[in-house]
Amino acid sequence: MSNHHNKRASVGLAANDARHHPHTLSTLDFQGASSAAAAKAMKSELDHLKEQYKGDDKQKFCAEMDNFYILFTRYLDEKAKGTKLGHRDWDSIQSPSEEQVVPYKDIPKANSSSDLDKLAVLKLNGGLGTTMGCVGPKSAIEVRDGMTFLDLSVRQIEYLNKQYNVNVPFLLMNSFNTDDETNRIIQKYSTHNVDIITFDQSRHPRIKNESLLPAARSPDAPIDQWYPPGHGDLYESLYNSGKLDQLLSEGKEYLFVSNVDNLGATVDLNILHYMIENDIEFVMEVTDKTKADIKGGTLIDYKGQIRLLEIAQVPDEHVEDFKSIKKFKIFNTNNLWINLKAIKRIMEEDPMDLEIIVNNKTTDSGEKVIQLETAVGAGIKHFRNAHGVNVPRSRFLPVKSTSDLFLVTSNLYSLNHGELRMNPKRQFSNAPLVKLGDHFKKVSNFLSRLKTIPHILELDHLTVTGDVTFGSKVELRGTVIIVANHGERIDIPSGSILENKVVTGNLRILDH
């Protein structure tokens, strides 16, 4: 019997005890009884959804509802017992040992490219560009020289295949939000030397906060009543879609996974060779934490076992400890190297019990809902000989906001075969800290406020707040702070050089 079934049984047992001894209900029994009632009500709703489903892929839909139910009962169980990873025993959470996180510089250089025959590359492509004011898949946002995230990824793989005369396939795990549009977009790559494979991750119903029932009452309920359950769903989706068996049948043994918006996540022959030589089933790339990364998940030692700890799993009273750079010096880049045969073995032995991340949301209609998500990196505990590799910061170059876009489109980086490299003329190895205010939040506003992206080779820190625009060929050096208070506007003139300057008040430049 799988551990999931045991957990389900334990919810049921608590309810039975409560019925036989109604006057001796302890808090735990009471919670157990209400958990059992919630689980039963949810099961009945999900069975109804499965009955109504008429699509060709009914089997897939039913499997998704079953997986969701397992996640839901685990959530109820954790809620009743307070058994979340961070809530278990904070004192047992330690920084990882030197064996658990190996420095990249200690990994031997690969002296051949033959390992690439065993590799496939996967990008997590489930996200929308809504944070940056864009419609459709985030991977379709233009980031550099008229090219999108997807263009850059395809170009990298195409160059890799050509350079080493190999055929590394390129997989995209889409969500129901991005699948149609992505499949339309990738048709333009049909002439490229890249085998592109797409598959869909699961679709789970959002949970109403009050009733703990699914928001979706029918399989074709509005889109805002469903959600993709985080990238931890990769293992199930890869396995259930048949793509895992397809890759194994083609002789692929390793999968390099990364976020589609991480422009630093390129294929690294040294890490791949290191995995193969040392029979490692899972490598997580971590990098040194800076003040900008305090929310990123981190690798920990939990009672001698390596685990991923996310901020959502940390009790409120320990959030500041979690953010501190002293105790947790590294964070997860979400660049992962995983053995495909190991995924198959683990999926066939027992479903993974990845730590649950509870995400509270509000629907378009204003209803409060819960999303139960998991992180792909949390799978690390299921693999043999799994550990972290502390990589250079250049392998983590995410574009989560227009402040990040400002950096990657500037002269700080040059583009080479789809890969961004930091300009060798920059005297520091780290990128400047850039904080653009709300006026720049959407890509369209960002583009309209900058005639050209300023030169920032010598910039350390930039903060811009309020109604500010930049002319062309502006140069920023050192620490620059530009603040236009409410009702004021600042136009930075073309050709300006600002070095260690604070600019406030009004500065209008009028065309004549």
Side-chain angles (χ1 to χ4, degrees), residues 104 110 113 115-117 119-127 129 132 134 136-174 178 181-198 252 254-272 285 287 333-337 391-400 402 404-426 431 443 453:
Y104 180 79
S113 59
D115 297 332
L116 287 172
D117 291 328
L119 183 70
V121 171
L122 183 145
K123 292 282 183 188
L124 301 166
N125 185 45
M132 292 162 76
C134 296
K138 184 172 183 183
S139 55
I141 296 175
E142 281 190 13
V143 276
R144 179 88 196 206
D145 302 355
M147 283 190 281
T148 65
F149 289 108
L150 260 185
D151 293 339
L152 295 172
S153 298
V154 170
R155 185 164 279 209
Q156 283 170 23
I157 302 293
E158 184 178 32
Y159 179 66
L160 185 79
N161 285 342
K162 201 168 155 188
Q163 188 185 9
Y164 297 108
N165 192 25
V166 288
N167 182 22
V168 173
F170 180 57
L171 289 86
L172 291 165
M173 181 169 87
N174 302 330
T178 62
E181 186 65 20
T182 300
N183 281 313
R184 265 204 298 279
I185 292 168
I186 60 173
Q187 289 169 6
K188 69 177 182 181
Y189 306 125
S190 56
T191 55
H192 293 245
N193 175 28
V194 181
D195 179 14
I196 301 178
I197 302 165
T198 66
K252 305 302 172 191
Y254 296 89
L255 186 66
F256 174 46
V257 178
S258 62
N259 297 344
V260 76
D261 64 8
N262 179 4
L263 298 175
T266 56
V267 170
D268 185 288
L269 281 170
N270 301 335
I271 296 177
L272 177 60
E285 292 186 33
T287 195
T333 64
N334 223 32
N335 299 350
L336 309 169
W337 300 78
V391 296
R393 182 74 188 202
S394 57
R395 293 192 56 74
F396 184 67
L397 191 56
V399 181
K400 302 282 181 203
T402 50
D404 297 332
L405 197 57
F406 180 89
L407 288 171
V408 300
T409 46
S410 72
N411 67 329
L412 197 61
Y413 295 97
S414 59
L415 190 61
N416 194 5
H417 302 296
E419 198 177 320
L420 284 185
R421 300 220 176 116
M422 193 175 276
N423 193 323
K425 290 181 184 158
R426 167 106 176 142
V443 174
I453 303 291

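Remember, predicted model here, so these are calculated numbers, not experimental data.
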Asks: For R144 and Y413, indicate whether the former's side chain and the latter's backbone hold a donor-acceptor pair under 3.5 Å.
Replies: yes

Asks: Report yes or no: does K123 contribute a side-chain atom to a donor-acceptor pair with the main-chain N or O of L150 at less than 3.5 Å?
Replies: no

Asks: Give the C-alpha distance, both sets of side-chain angles, the deciding distance and a yes or no for side-chain contact (heavy atoms from CB on, under 4.5 Å) between E158 and F170.
Replies: CA-CA 9 Å; E158 184 178 32; F170 180 57; over 6 Å; no

Asks: Only counting residues at least two apart or in another chain, list the ones meeting ring-ring contact (aromatic ring centres under 6.0 Å, His included) with Y159.
Replies: H417

Asks: Main chain of D151, side chain of T148: is a donor-acceptor contact present, judged purely on distance under 3.5 Å?
Replies: yes

Asks: Is it the case that over 12 heavy atoms from other parts of the model lie below 6.0 angstrom from the CZ atom of R395?
Replies: yes

Asks: Can a side-chain donor-acceptor contact be found between Y104 and D268 if the only test is distance below 3.5 angstrom?
Replies: yes

Asks: Got a sec, which residues hit ring-ring contact (aromatic ring centres under 6.0 Å, His included) with F149, two or more places apart in sequence or on another chain?
Replies: none

Asks: Using ring-ring contact (aromatic ring centres under 6.0 Å, His included) as the criterion, list what pairs up with Y189, not counting sequence neighbours.
Replies: H192

Asks: Test your reading of the model: is there a side-chain donor-acceptor pair from T178 to the backbone of N125, 3.5 Å cut-off?
Replies: yes

Asks: With sequence neighbours excluded, tell me which residues meet salt bridge (charged side-chain N to carboxylate O under 4.0 Å, His left out) with E419.
Replies: R421

Asks: Using modelled atom types and a 3.5 Å cut-off, is there a donor and acceptor pairing between side-chain atoms of N423 and backbone atoms of K425?
Replies: yes

Asks: Indicate whether any N or O donor in one side chain lies under 3.5 Å from an N or O acceptor in the other, for N334 and N259.
Replies: yes

Asks: Got a donor-acceptor contact below 3.5 angstrom from the Q156 side chain to the G418 backbone?
Replies: yes

Asks: Any ion pair linking R184 and E181 (charged N to carboxylate O, less than 4.0 Å)?
Replies: yes

Asks: Is it true that atom NZ of K162 has more than 12 heavy atoms of other residues, nucleotides or ligands lying nearer than 6.0 Å?
Replies: no

Asks: Side chains of N335 and N262: any donor to acceptor distance under 3.5 Å?
Replies: yes

Asks: Restricting to ring-ring contact (aromatic ring centres under 6.0 Å, His included), what partner residues turn up for F406, sequence neighbours left out?
Replies: none

Asks: Tell me, please, which residues at least two apart from E142 pass salt bridge (charged side-chain N to carboxylate O under 4.0 Å, His left out).
Replies: none

